[in-house]
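Single-structure report; data block below.
Both ligands and their constituent atoms are indexed starting at 1 by order of listing.
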Amino acid sequence: MAHYLVTGGAGFIGSHLVEELVRRGERVRVVDSLVTGYRRNLAAVASRVEFIEGDLAQAAVAAAASAGVDYILHQAAIPSVPRSVTEPVFCHEANVNATLNLLVAARDAGVRRLVFAGSSSVYGNVAVLPTHEDVPLDPLTPYALQKLIGEQYLRLFTSLYGLETVTTRYFNVFGPRQDPSSAYSGVISLFIRSLLDGRTPTIFGDGEQTRDFTYVANVVDGVLKACHAPGVAGGVINVATGGRVSLNTLFGTLRSLTGADVVATYGPARRGDIRDSQANIGRARALLGYSPTVELPEGLARTLAWARQAGS
Ligand code: UD1
């Protein structure tokens with residue numbers, strides 16, 4: 001049994017990682033500030049998990065959380081692109097300063113490997129689709145830049161101090177427990193909530209922007225593989241489905257799945273919004289033996305089933 005720290009473990013993706021680790025019989029500690037996470041996300045496994053409430057932007061919290069662990073899955077973040085545009089300093093604290101504190105703590109604690117939740121937003125409006133990891137990066141928002149700084153710090157800690165690190169670049173992750181309650185929430189959670197409540201959602205821009213929506217179980221699989229694969233330390237790996245769908249198509253699919261008689265309204269495009277996003281997942285396939293197990297239609301059906309139950 002290995003000892004894992006999941007930062008942001010009370011959040012959406014973090015709580016899915018925690019559940020899988022518990023299922024595998026591993027020892028799990030969570031650190032979470034509960035700024036965007038909820039204790040209820042860990043309800044099913046609470047008795048099996050050590051929970052530290054605290055902010056990793058404080059070095060003492062990072063040190064206490066890292067003490068004695070073998071692996072760190074660093075998921076804690078303020079994960080919203082638009083929030084970073086309106087609150088860049090607040091987001092920098094959570095996305096960059098906390099990550100640096102955690103790396104120092106992980107190095108000092110002799111952690112075996114740290115896996116970081118990176119973001120496809122670092123690619124910006126890239127010319128190459130599907131996008132592989134080595135294209136020139138073009139962060140268009142504070143969030144994208146903060147995630148890029150994070151992954152460059154990881155790389156540096158590997159080369160400078162020998163701490164094994166891997167960045168998994170996520171592409172629009174969705175699934176059960178993604179919180180639909182804020183304007184900063186992921187679009188699938190917002191669309192589903194609106195449709196189930198009979199409210200009109202807003203599509204920002206013309207709706208022809210595309211995303212590689214990735215069901216959360218694929219991410220759990222990719223992250224845990226990245227935590228243990230040999231020969232990947234210091235690297236960056238896309239974890240996604242490898243497809244691409246427009247917001248208009250997504251909304252149409254969700255509308256027919258829910259049967260809701262709701263039409264979307266259109267609003268101005270979001271500042272810093274990227275146009276198209278689609279992963280080349282060749283590196284994850286080759287280095288991790290990863291391949292997506294839950295495709296978009298099945299992921300949407302599962303998420304909808306959860307949302308119906310959670311909202312009732
Ligand atoms: C998302 C993630 C980010 C991650 C990135 C990876 C969230 C909240 N953000 O950013 O953490 O690093 O993918 O690529 O999960 N939209 C609407 N109407 C809405 C909300 C959004 O039309 O009510 C549009 C947006 O303008 C955008 C698309 O939907 O074009 C996706 O937006 P969003 O879910 O916020 O995700 P990203 O900004 O792509």
Enumerate the atoms of ligand 1 whose separation from the nearest heavy atom of [X] is less than 4.0 angstrom.
X      : answer
Tyr170 : 6 (C), 14 (O)
Ile203 : 22 (O)
Gln209 : 26 (O), 30 (O)
Tyr184 : 8 (C)
Ser119 : 4 (C), 5 (C), 6 (C), 12 (O)
Arg211 : 27 (C), 30 (O), 31 (C), 39 (O)

Which segment of [X] sits under 4.0 Å of ligand 1 when only heavy atoms are counted:
X      : result
Leu190 : side chain
Lys147 : neither
Val187 : both
Pro79  : both
Ser185 : backbone
Thr202 : backbone

(request) For ligand 1, find out whether one of its N or O atoms is nearer than 3.5 Å to an N or O atom of Tyr143. (result)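 Yes - when backbone and side-chain N and O of Tyr143 are compared with those of ligand 1, one distance drops under 3.5 Å.
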(message) Are any of the N/O atoms on Ser277, whether in the backbone or the side chain, positioned under 3.5 angstrom from an N/O atom of ligand 1?
(response)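 Min N/O separation from ligand 1 is not below 3.5 Å for Ser277.
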(request) Using ring-ring contact (aromatic ring centres under 6.0 Å, His included) as the criterion, list what pairs up with Tyr184, not counting sequence neighbours. (result)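 For Tyr184 there are no ring-ring contact (aromatic ring centres under 6.0 Å, His included) partners, ignoring immediate neighbours.
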(message) For Phe251, is the CZ atom crowded, meaning more than 12 foreign heavy atoms sit under 6.0 Å from it?
(response)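 Atom CZ in Phe251 is crowded, with more than 12 foreign heavy atoms closer than 6.0 Å.
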Pairing of [X] and [Y] as salt bridge, 4.0 angstrom limit:
X      : Y      : result
Glu151 : Lys147 : no
Arg193 : Asp179 : no
Arg48  : Glu19  : no

(request) Give a yes/no verdict on whether any heavy atom in Pro201 is under 4.0 Å from an atom of ligand 1. (result)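 No; Pro201 lies far enough from ligand 1 that no heavy-atom distance drops under 4.0 Å.
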Nearest non-hydrogen protein atom, [atom]:
atom                    : value
atom 24 (C) of ligand 1 : Leu247 CD1, 3.7 Å
atom 38 (O) of ligand 1 : Arg270 NH2, 2.6 Å
atom 10 (O) of ligand 1 : Val81 CG2, 3.8 Å
atom 17 (C) of ligand 1 : Phe204 CD1, 3.4 Å
atom 30 (O) of ligand 1 : Asp273 OD2, 2.6 Å
atom 36 (O) of ligand 1 : Asn172 ND2, 3.4 Å
atom 15 (O) of ligand 1 : Gln178 NE2, 3.7 Å
atom 14 (O) of ligand 1 : Ser120 OG, 2.3 Å

(request) Verify whether the ring centers belonging to Tyr71 and His3 lie closer than 6.0 Å. (result)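 For Tyr71 and His3, the ring centres are not under 6.0 Å apart.
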(request) State, without any angle test, whether Asn248 and Glu208 hold a side-chain donor-acceptor pair at a distance under 3.5 Å. (result)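 Yes, side-chain donor-acceptor contact under 3.5 Å.
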(request) Consider only side-chain N and O atoms of Ser120 and Arg169, and report whether a donor and an acceptor are under 3.5 Å apart. (result)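 No.
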(request) Cation-pi check, Arg211 to Phe213: give yes when NZ or CZ is under 6.0 Å from the six-membered ring centre and within 45° of the ring axis, no otherwise. (result)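 Judged by the rule, Arg211 and Phe213 form no cation-pi pair.
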(message) Does the Lys NZ or Arg CZ of Arg27 fall within the cation-pi geometry relative to Tyr4 - under 6.0 Å from the ring centre and within 45° of the axis?
(response)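 Not satisfied by the 6.0 Å and 45° rule.
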(request) Could you tell me which non-hydrogen atom of Val6 sits nearest to which non-hydrogen atom of Gly14, and how far apart they are? (result)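 Shortest heavy-atom contact: CG1-O, 3.8 Å.
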(message) Go through it in stages, so that I can follow the logic: the residues are Thr210 and Val245, the test is side-chain contact (heavy atoms from CB on, under 4.5 Å), and I'd like the CA-CA distance, side-chain angles, deciding distance and then a yes or no.
(response) CA-CA 5 Å; Thr210 59; Val245 65; over 6 Å; no
(message) Is the ring pair Tyr123/Phe171 parallel, tilted or perpendicular, if the boundaries are 30 and 60 degrees?
(response)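 Tilted, since the angle between the ring planes falls between 30° and 60°.
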What side-chain donor-acceptor pairs closer than 3.5 Å can you find for residues 154-161, not counting sequence neighbours?
residue	atom	partner	partner atom	Å
Thr158	OG1	Leu154	O	3.2
Thr158	OG1	Leu163	O	2.8
Thr158	OG1	Thr165	N	3.4
Thr158	OG1	Thr165	OG1	2.7
Ser159	OG	Arg155	O	3.4
Ser159	OG	Leu156	O	3.2

